[in-house]
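Notes follow the structure.
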Amino acid sequence: MAERPEDLNLPNAVITRIIKEALPDGVNISKEARSAISRAASVFVLYATSCANNFAVKGKRKTLNASDVLSAMEEMEFQRFVAPLKESLEVYRREQKGKKEARKDKDKKTDSEEQDKSREEENDDDDERMEEEEQNDEEELDN
Amino acid sequence: AARLSGGENRLVSLPLSRIRVIMKSSPEVSSINQDALFLTAKATELFVQYLAMYSYKHGRGKEKNALTYSDLSHTAEECETFQFLADILPKKILASKYLKMLQKEKQDGELGEDDEDEEDEDEDETVDEDVGS
């Protein structure tokens, strides 16, 4: 899959908002600073992924999981992230569970053909669920 | 199921699909489970906040109520946790200073030269040729 250069960047508006949330009100953020932080964030993702992958390999797994990412944070000296990440993960899992149940309920109301379709959806790589979460998702997700 | 759009109330603001693209650009990664994807996105947000806040606190930009590039590159150089960013956040210097550095290196390499140029202290762009005597 060939990525266009901008695909490895994160959206400017979101990055800017996150920065503003971290700084006192009224602090000016130069365009250069904002762009640098955005690049740093992309590098962070790569570094975290590589680190997490090492833990997966150690565990003889091919799929990165939550504990791999948390272990990576400790390894990278971002232990301060671990507690808030665990909290957020709990909330996220509850949300996902809620959505799954909502879909199941919806399916019970329709005919059996639909039910087969939803079973397929649950079996694949969670790509479809991700699509629902995104506002404008035109990217072709692999797997 | 449609999600709330417009960001502020979401659990995570960075788009998971984009995070996934970046993660998958690493050739050694086969697949990523949904929780791992979410955690990476959330960790990236925490990272952005930490980097911004740390750089602002320890930098000189705040003298003018700003966060500058120089604050960030200073952080990458000085703080061990952020040293992995040193290559992408290099320090910047004035062109005139760089030219002086080059000149000095040239002088150090040549023995017995007069250091006439050292007297020239101003910041203008012209660089004096080392004529030699």
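Labels below follow one simple rule: chain letters A, B, ... track the order of the sequence lines, proteins then strands, and each chain is numbered from 1.
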If I measure from the heavy atoms of chain B, does [X] come under 4.5 Å with its side chain, its backbone, both, or neither?
X: A:Val91; answer: both
X: A:Tyr47; answer: side chain
X: A:Arg80; answer: side chain
X: A:Leu85; answer: both
X: A:Ala41; answer: both

Given the options [options], which has more heavy-atom pairs under 4.5 Å with chain B than any of the others?
options: A:Leu89, A:Ile19, A:Val57, A:Asp68; result: A:Leu89
options: A:Ile37, A:Ile15, A:Val82, A:Leu70; result: A:Ile37
options: A:Lys20, A:Arg34, A:Arg93; result: A:Arg93

Could you walk me through whether B:Leu14 and A:Ile18 satisfy the side chain to side chain contact (heavy atoms under 4.5 Å, CB included) test, starting with their C-alpha distance in whole Å, then the side-chain angles of each, then the deciding distance to 0.1 Å, before giving a yes or no?
CA-CA 9 Å; B:Leu14 289 169; A:Ile18 298 169; 4.1 Å; yes
Please report the closest heavy-atom contact between [X] and [Y], naming both atoms and the distance.
X: A:Met76; Y: B:Thr81; value: O-CG2, 4.1 Å
X: A:Ala33; Y: B:Tyr69; value: CB-N, 3.9 Å
X: A:Ala66; Y: B:Ala36; value: N-CB, 4.1 Å
X: A:Ser88; Y: B:Leu11; value: O-CD2, 3.8 Å

Using a 4.5 Å cut-off on heavy atoms from C-beta on, say whether the side chain of [Y] contacts that of [X].
X: A:Asn53; Y: B:Ser26; result: no
X: B:Gln34; Y: A:Tyr92; result: yes
X: B:Val48; Y: A:Leu10; result: no

If you round to the nearest 0.5 Å, how far is [atom2] of [Y] from [atom1] of [X]?
X: A:Phe81; Y: B:Glu45; atom1: CZ; atom2: CD; result: 11.0 Å
X: B:Ile19; Y: A:Thr49; atom1: CD1; atom2: OG1; result: 8.5 Å
X: A:Met73; Y: B:Lys42; atom1: CE; atom2: NZ; result: 13.5 Å
X: B:Asp35; Y: A:Thr63; atom1: CG; atom2: OG1; result: 12.0 Å

Classify the ring geometry of B:Tyr50 against A:Phe78: parallel below 30°, tilted from 30° to 60°, perpendicular beyond 60°.
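The rings of B:Tyr50 and A:Phe78 stand perpendicular, inter-plane angle above 60°.
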Qualifying side chain to side chain donor-acceptor pair (under 3.5 Å) pairs, either residue in residues 23-33 of chain A, two or more places apart
A:Glu32-B:Lys92
So for atom NZ, which belongs to A:Lys86, do other residues, nucleotides or ligands contribute more than 12 heavy atoms lying within a distance under 6.0 Å?
no
B:Val29 with A:Phe55, same ILVMFWY side-chain cluster at under 4.5 Å
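No.
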Between B:Phe84 and A:Leu8, is there a shared hydrophobic cluster once you connect ILVMFWY residues whose side-chain heavy atoms come closer than 4.5 Å?
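Same cluster.
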If I measure from the heavy atoms of chain A, does [X] come under 4.5 Å with its side chain, its backbone, both, or neither?
X: B:Leu85; value: side chain
X: B:Leu89; value: side chain
X: B:Ile22; value: both
X: B:Leu51; value: side chain

Between A:Leu64 and B:Thr40, does a side chain to side chain contact (heavy atoms under 4.5 Å, CB included) hold up when you go through it step by step?
CA-CA 11 Å; A:Leu64 292 193; B:Thr40 303; over 6 Å; no
Heavy-atom pairs under 4.5 Å with chain A - which of B:Ala76, B:Ala52, B:Ala43 has more of them than the others?
B:Ala43
Ranking B:Glu28, B:Glu80, B:Met53 by heavy-atom pairs under 4.5 Å to chain A gives rank one to B:Glu28
So which bits of residues 60-67 of chain B come within less than 4.5 Å of chain A, counting non-hydrogen atoms only?
B:Asn65, B:Ala66, B:Leu67
With side-chain contact (heavy atoms from CB on, under 4.5 Å) as the test, pick out the partner of A:Asn65 among B:Asn33, B:Leu39, B:Ile32.
B:Asn33
